[in-house]
Each structure stands twice: as structure tokens, then as C-alpha cells.
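What you see is a predicted model; the values in this text were computed from it and never measured. Here is how names work: the chains are called A, B, and so on, in the same order as the sequence lines, proteins then strands, and each is numbered from 1.
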Amino acid sequence: MREKTENREQLTDEDLMFEFQNGNNYAFDILVKRYKDQLVNFAYRFLGSRIDAEDVVQETFLRVYKKKSAYKKIAKFSTWIYTITGNLAKTELRRRKRRKIFSLSNMTQDDKDFDIPDTERGPESTTDDAIKEKIIENAIKSLPKKFKEMIILRDIQELSYEEISNIANIPLGTVKSRINRGRLKLQEILEEYKDELEI
Amino acid sequence: MGNCDNFKKYFSDYLDGNLPQKLKINIENHLGDCTECRELIRGLKITRNLLNSLPEVKASSDFESRLRERIIGTECSESSPVFSFLSTKMAVVSGTVIVLLCVAIGSFKFGVFTKNDVQPNMAPAISNEIPDNNLNVVPIKKTNRSGAQPPNRLLTEKLSQIDTTDTGNGANDKDVNQRIKYIKGK
């Protein structure tokens with residue numbers, strides 16, 4: 001039994017999905033274990049809130065569970081699941097915009113502003129690393145949406161250009177161009193914080 | 001400067017090692033001559049390293065158990081015939097129908113019993129029994145159309161009271177009018 005479990009854990013994502021489609025719910029559990037952290041990280045970089053990120057990823061897995069028959073093996077599983085998460089994260093962003101959530105950055109003209117500290121992080125948020133992290137997060141947040149998604153997928157999630165092209169459903173050339181422009185823009189923003197970032 | 005703009009669009013690929021050999025050599029030659037572009041490449045490297053250094057935000061420890069609960073909750077609501085029948089729209093429609101039925105039944109009952117509530121001692125219009133003076137129920141005889149007097153004096157008095165009620169005299173006027181309105185409303 002243990003050997004069978006270990007063998008299953010060595011299966012590819014696509015094979016696990018196939019098993020799940022054929023009624024093996026344990027295969028689904030393995031997929032959840034494999035992807036939950038990276039998807040939460042991805043959604044968090046988009047939304048800036050861990051609670052919202054976990055909600056989005058829970059909803060992602062719920063959809064995978066309910067609509068398992070919608071997955072076709074010709075596509076990479078990672079592409080499929082990242083697409084669902086990305087779309088849900090974007091939907092949440094649009095929903096926030098409609099609710100017109102108030103943020104400190106609306107009050108000040110100064111670019112050097114900080115969002116309300118994320119209390120989920122705990123007391124370590126006062127350390128230098130946490131401050132640097134916050135600066136980078138804010139810089140990513142301030143990017144135009146089309147660049148932000150590319151930067152997160154490439155430089156944080158470390159996906160290949162081809163995979164990003166499939167997830168975002170845009171040509172490879174456009175992916176490269178947006179990553180390039182996104183990095184240049186980000187560099188421009190971070191230049192203002194070079195003292196704090198020690199660069 | 002024109003050259004700089006041409007090379008800039010390849011800087012990300014250059015950093016990622018995705019350029020064909022010939023283009024890579026061209027860029028390196030340019031970087032050798034252009035301080036501005038060298039600074040730009042240096043800045044891009046630092047930016048990319050900063051992004052790579054961000055700690056991974058992980059799912060909380062109860063993530064999987066919460067997910068399991070959500071899945072079970074979804075399966076229960078989808079498999080139960082009651083819940084699957086009572087979708088939101090159906091629930092609203094069903095509720096409305098039930099309310100209307102209750103109102104209709106209540107109105108019907110109200111219309112029948114109103115007269116009795118006001119005059120508890122009077123026989124109901126549809127009943128064929130009346131109480132005598134000792135409150136014993138006595139069956140009544142129907143009068144003929146010409147209104148011929150029945151032989152029994154007590155019975156006569158009771159009948160006249162019923163007649164009074166039916167023609168709407170005295171205190172029963174309001175109740176009868178209400179009944180008429182209800183009947184007309186039908």
C-alpha cells in the first residue's frame with residue numbers, strides 16, 4: 001500500500017489528473033500538496049493579502065475538483081491551474097476596484113508611501129528584510145496589470161516563457177516584450193528606494 | 001542612442017540567456033562602449049535578484065482541511081434532492097406560492113367565520129340548526145318563498161332574527177357588507 005502511494009507521488013501532474021478523472025481522489029490530494037504553496041504565493045503577489053490569496057486558491061482547487069472532466073491531457077496541468085488562479089485573482093482585483101477600497105496611497109502625493117502593515121506577518125514586519133520586501137511588493141503592485149502578471153510569473157514563479165505564453169494566452173514575442181518593459185519599469189521605481197534596498 | 005533603443009528590447013533575454021549567439025555578441029560589444037546601457041543592465045540584474053529573493057508565501061497549515069470541508073459542503077448541497085430542488089430561484093417561487101395559499105385560505109376562513117365571531121349565539125348561515133331559548137339546538141324548517149308564518153312562536157322569533165341578519169339590519173350590517181365585498185372580490 002505504501003509502495004503504491006509512493007509510486008503515485010512520482011507520477012506526473014497529467015497522469016495524476018488522469019487518475020483523478022477515473023475516480024482516484026488521492027491523486028487529487030497529491031496535486032493539492034504539490035501546488036498549494038506556489039499558487040498561494042502567486043495569488044498573494046497579485047492581491048497583496050494572504051487571506052484573499054488562500055480564498056482564490058481554495059476556489060481554484062474546488063473548480064479543479066468539480067470540473068475535472070474539463071481538463072484535457074494535451075495541455076500541461078500547471079498551465080491549466082495557473083490560468084484558473086490568475087483569472088480568479090484578476091476577478092478579485094476587479095471586484096475590489098468596484099468596491100473602491102480605500103488605501104493610504106490615495107491620500108498622499110508622495111510616491112514613497114506604504115500600505116497598512118500586513119498584520120498577518122507578525123512582529124517580524126519591523127525588520128529590515130520585511131521593509132525591503134514591502135518596498136518590492138508595493139513596486140510590483142504599482143506596475144500596469146499586463147506587466148505585473150508577466151513579472152510575477154517569470155521572476156517570482158520562475159515559469160518559462162512558453163508556459164507564460166500559454167497561461168496568459170498571448171504570443172511568445174509579446175511575453176518577452178512585456179517582461180522586458182516590466183523589468184525596466186520596476187527598476188525605475190526601485191531606483192528611488194536604492195538606499196533602503198542597499199543597491 | 002538609436003542603437004541603445006534597439007538593444008534595450010533584448011536586455012531581458014540577454015539576462016535570461018535566451019539570445020542567439022550572434023545577437024549576444026553584438027549586445028556585449030555595445031555594452032563595452034555604452035555606460036548608460038551597462039548601468040541599465042546592472043540595474044536589471046539587481047531588480048531580478050530582488051524579485052527572486054522575495055520569500056515564498058506558503059499556504060496555512062489548515063489549508064487542506066478547509067478545502068476538504070468546502071468540497072464536502074459542495075457535494076452535500078449538490079447531491080441532496082431537497083437542496084438541488086430548492087435552488088435560490090425555486091425557493092423564492094415556492095415561498096411566494098406558499099404565502100399566497102396561506103393568504104387565500106386565511107381569507108376564505110375569515111370570510112366564513114366572521115359572522116360567528118361577532119354573534120356567537122347566532123346560527124351560522126349555512127347551518128340548519130338553531131339554539132332555542134334554553135340553548136338547545138333545534139332543527140329549523142325552511143320557510144317557503146311566500147314567507148308563510150311557521151306555526152311555532154319561538155321558531156318564528158329565531159327565524160326573524162336570522163332574517164334580520166340576512167337582510168343586513170342592525171348591528172350585523174358591517175359584517176354582511178364585508179361578506180358581500182369578499183364575495184364580489186371573488
Inset, instruction - For A/E54 and B/S60, indicate whether the former's side chain and the latter's backbone hold a donor-acceptor pair under 3.5 Å. - result: yes
Legend entry - A/Q38 versus chain B, the contacting section by heavy-atom distance below 4.5 Å: both
Legend entry - Check: B/V57 main-chain N/O paired with A/N41 side-chain donor or acceptor under 3.5 Å: yes
Inset, instruction - With salt bridge (Lys or Arg N to Asp or Glu O under 4.0 Å) as the test, would you mind laying out the steps for A/D29 and B/R68 before giving the verdict? - result: CA-CA 10 Å; A/D29 287 347; B/R68 221 167 280 128; 5.0 Å; no
Inset, instruction - Could you grab the distance from atom CZ of B/F63 to atom NZ of A/K33, nearest 0.5 Å is fine? - result: 11.5 Å
Inset, instruction - Please indicate whether A/K68 has more than 12 foreign heavy atoms, meaning atoms of other residues, nucleotides or ligands, lying under 6.0 Å from its NZ. - result: yes
Legend entry - Atom group of A/F28 that falls short of 4.5 Å from chain B, counting heavy atoms: side chain
Legend entry - Among the listed options B/R42, B/E56, B/K9, the residue most often paired with chain A at heavy-atom distances under 4.5 Å: B/E56
Inset, instruction - Determine, stepwise, if the pair A/D55 / B/R66 fulfils salt bridge (Lys or Arg N to Asp or Glu O under 4.0 Å). - result: CA-CA 10 Å; A/D55 269 348; B/R66 281 188 289 120; 5.2 Å; no
Inset, instruction - Can you measure from CG (B/L67) to CD (A/Q58) and round to the nearest 0.5 angstrom? - result: 5.0 Å
Legend entry - Main-chain N/O of B/N52 paired to A/D155 side chain as donor or acceptor, under 3.5 Å: no
Legend entry - Beyond-backbone contact of A/R45 with B/L54, side-chain heavy atoms, under 4.5 angstrom: yes
Legend entry - B/D16 side, atom CG; A/I179 side, atom CD1 - distance, nearest 0.5 Å: 7.0 Å
Inset, instruction - Could you grab the distance from atom CZ of A/R183 to atom NZ of B/K45, nearest 0.5 Å is fine? - result: 12.0 Å
Inset, instruction - Among A/L184, A/I151, A/I136, A/L190, find the residue that satisfies the side-chain contact (heavy atoms from CB on, under 4.5 Å) test when tested with B/T47. - result: A/L190
Legend entry - Results of side-chain contact (heavy atoms from CB on, under 4.5 Å) for B/D13 - residues two or more places apart only: A/Y161, A/K176, B/N18, B/L19
Legend entry - Residue A/K132 excluded, over 12 heavy atoms near NZ under 6.0 Å: yes
Inset, instruction - Kindly state each residue pair satisfying ring-ring contact (aromatic ring centres under 6.0 Å, His included) with at least one member in residues 14-43 of chain B, sequence neighbours excluded. - result: B/F7-B/H30
